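Taking it in order: structure first as structure tokens, then the write-up.
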Number of protein chains: 2
Amino acid sequence: MPAPAVPSLPPAAPDAGLRATIADVARRAGVSKATVSRFLNRRDELLTPEIARRVEAAIAELGYSPSPMAQALKRGRSRLIGLVVADVTNPFSVAVLRGAEKACQQAGYLLMLFNLGDDADRERDAIEALVAYQVEGLILNTLGRDERAVAAAARSGRPVVLVDRRHAEMQADFVSLDNAGAVRLAARHLVDAGWDELLFVSEPVAGVSSRQEREAAFRAFVADAAGIAGRSVESWAGGAEALAQALRDLRARGRRPAVLASNAVVTLRVAEAVAALGWRFGGDLGFVGIDETEWAPLVGPGLSTVAQPTDALGRLATACLLERLQGLTVPPRQILLPGQLVARRSSLGTQA
Amino acid sequence: MPAPAVPSLPPAAPDAGLRATIADVARRAGVSKATVSRFLNRRDELLTPEIARRVEAAIAELGYSPSPMAQALKRGRSRLIGLVVADVTNPFSVAVLRGAEKACQQAGYLLMLFNLGDDADRERDAIEALVAYQVEGLILNTLGRDERAVAAAARSGRPVVLVDRRHAEMQADFVSLDNAGAVRLAARHLVDAGWDELLFVSEPVAGVSSRQEREAAFRAFVADAAGIAGRSVESWAGGAEALAQALRDLRARGRRPAVLASNAVVTLRVAEAVAALGWRFGGDLGFVGIDETEWAPLVGPGLSTVAQPTDALGRLATACLLERLQGLTVPPRQILLPGQLVARRSSLGTQA
DNA sequence: TTGTATGCGTTATCAA
DNA sequence: TTGATAACGCATACAA
């Protein structure tokens, strides 16, 4: 007694805000819920063509699609991935977000986003909220100031991928720019172009592995390079004025001064200071900054940068996660991608 | 027979990846699940202090927190808000995202993000995926090319807030910059500063309400202003070369030429073209762009902008949504916020 | 090959 | 004031 298909019904009648359920489909097709469920999940299995047809029709007519929430509850799998970013206004975080989001979509996952807005106190809440929502895995571009936060992630038993910021105690895949390599690339480039008094400018390094690594690499480079002087400064230690003073000091040392900015935010601060001082990039001051941005070519004579493979970082982070979700169990991996030098005129002013 | 509290148990023992459930808590406290649920949700109601104490202790010892998924299934309320952004690389989208994210967090909601990456084909999938996940409301900063997509949002019965892009057929709250006002502000500023041959540069306006409104406002301004000439051009019609040609034509018309860029992306393209032409902002060419960015002060002599109240837009969008979620039923509102002129040297070169 | 029954973790409706 | 019990929408072991 097949329920005759009702041909000319408005294709979907979800008039009210209520979605059709599997029970509605079953009723309409004149079969049991189990049959509908099987049709959905295990198509390969044995289904009478006639029944399959009816179920398919009913699904179409009702505009039915399964509730991911209910599926998650039942299966334990939510098809959700949690992403914690330190600060969405940071272009790097955004780039990672973008790469991750793309990869997730392709794999049929949805991203749950938590932005810390540079507030370390929320780090733990963020992770716990995400875990509560049954995210299957976590991509963490955290602040790194709260070790208990990542510990919470680990305890959840879900796979975790760390991006850009490492956590010593955390056994997790790690995806990042090759910080040391990038700094060497930038510094070597400056030296080759004739700049010999280098200043490394960074945001506070305490507790942030990527900043530490970059600064350490800079120190190591200076120690190795003959005839090159180098110092570091944390640009926020004393606000804009302190930075300006550091730049004046740098130039007062009398050689060919250049700045190596440890990320895009620092680049912005340095550019502001240089503008305020009335100096010219490439002439008065050599410059290379880590992080390529759309505006780098437009500031002064063009700012040289080391571009991070941001998109690849986001995609790889997601890929690592997906592999783990599919059961891969290898020891924590480290994926370090090289930066790429984009030479512009800010670093080419003083050929030796 | 109260289950004696076990005092010196490690505060939480969620060793494995399995979270404690309400049943675990009930067992541990020696009460029923219902009691635990009541303790959680209707604290005001009558609970024997002794029982309450035991439940509270059990919750603490187990590190229990309710599963939002199960709650969503039962209540229909997920504490989730869906956000669709046209393009996370667009600073405007990011700013909205940031404002919305902040407001959501404060209200105890989590954001589910879907980024279209400027791909109109995904618009509908995005909304449907979000609705499937039981988001309670939607904030849409969409592409606007697929009307069926927003229709799907409307059909879901959930409250929707449109940001920046209007959809005629859609009865929904709308939050946006006062586009006409912003354009008038910028154009008036240019004219007051002595520029009299204006070029409005925009991304393709077809199907995107905000772009249409801005362009219309520009045309209206020019029609009204005596002694001012003005044209519009879509910067992508013919790539970088076409834009450069438009700029050359503009300048060839011999008066005091200025560009009004309709958003930050256009600003970038114009700045690139100007750099390629070897012109100087403020001298050869006046300039004001809609959208304030961190780099605007650093390009050329400083680019004048009209700043959008981005953070407020994001917060207001969320606020509208939350009001609706709390039962407010007023007709669709329009919230238009004024832009703010940030005058820099790109527009101050030619005092009349 | 299909249907029945049970459970995922909650909340809500009844009784007790 | 508390405790069984039945949903919520779905997947699955088991029975038919």
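Note that these values count all heavy atoms, side chains included, but never hydrogens, waters or copies made by symmetry. Since the model is a prediction, treat every value here as computed from it, not as a measurement. Naming: A, B, ... by sequence-line order, numbering from 1 per chain.
If you take CG of L40(B) and P of dT11(C), they are 6 Å apart, rounded to a whole angstrom. We find that CG of D24(B) is positioned 13 Å from C1' of dC8(C), with the value rounded to whole Å. Here dT2(D) presents its P atom at 13 Å from CZ of R53(B), a figure rounded to the nearest Å. Atom-to-atom, CZ of F39(B) to P of dG9(C) comes out at 21 Å; the value is rounded to the nearest Å. dC10(D) atom C1' lies 13 Å from atom CZ of R19(A), rounded to whole Å. Summarising the geometry, the separation between CZ on R79(A) and P on dC10(D) is reported as 16 Å, rounded to the nearest angstrom.
When each of dT10(C), dT4(C), dA11(D) is scored by its nearest atom to the side-chain atoms of A34(A), the top-ranked nucleotide is dT4(C). Listed nucleotides: dG3(C), dG3(D), dT2(C). Nearest to the side chain of L47(A): dT2(C). If you check dA11(D), dG3(D), dG9(C) against the side chain of S37(A), the one that comes closest is dA11(D). Of the candidates dT1(C), dT2(D), dT10(C), dT2(D) carries the atom nearest the T35(B) side chain, counting heavy atoms from C-beta on.
Of the side-chain N and O atoms in S32(B), one or more sit less than 4.0 angstrom from OP1 or OP2 of dG3(D).
Annotation: of the two residues near DNA chain C, R38(B) and S67(B), the 5′-most nearest-nucleotide partner is S67(B). When the nearest nucleotides of DNA chain D are assigned to K33(B) and Q134(B) by heavy-atom distance, the more 5′-ward of the two goes with K33(B).
Nucleic acid contact class of I51(B) (heavy atoms, under 4.0 Å, all strands): sugar-phosphate only. Residue Y64(B) is classed as a sugar-phosphate contact, given heavy-atom separations below 4.0 Å to backbone atoms only. Using a 4.0 Å heavy-atom cutoff across all strands shown, V31(B) reaches sugar-phosphate atoms only and no base atom.
Listed by chain and residue number, D121(B), R122(B) satisfy the side-chain contact (heavy atoms from CB on, under 4.5 Å) test with D119(B) (two or more places apart in sequence, or in another chain).
Within the 3.5 Å criterion, the main-chain N or O of S78(A) finds a donor-acceptor partner in the side chain of E136(A). At least one donor-acceptor pair under 3.5 Å links the side chain of R54(B) to the backbone N or O of A29(B). A donor-acceptor pair under 3.5 Å links the side-chain atoms of R324(A) to the main chain of V330(A), judged by distance alone. Remark: side-chain polar atoms of T48(A) are not paired, donor with acceptor, to backbone N or O of I51(A) under 3.5 angstrom.
Two residues are said to be in side-chain contact when any heavy atoms from C-beta on lie closer than 4.5 Å; L110(A) and R79(A) fail this criterion.
Of the residues in residues 68-78 of chain A, those lying under 4.0 Å from DNA chain D by heavy-atom distance are A70(A), Q71(A), K74(A), R75(A).
A salt bridge is defined here as a Lys NZ or Arg NE, NH1 or NH2 lying under 4.0 Å from an Asp or Glu carboxylate O, and R98(B) with D87(A) meets this definition.
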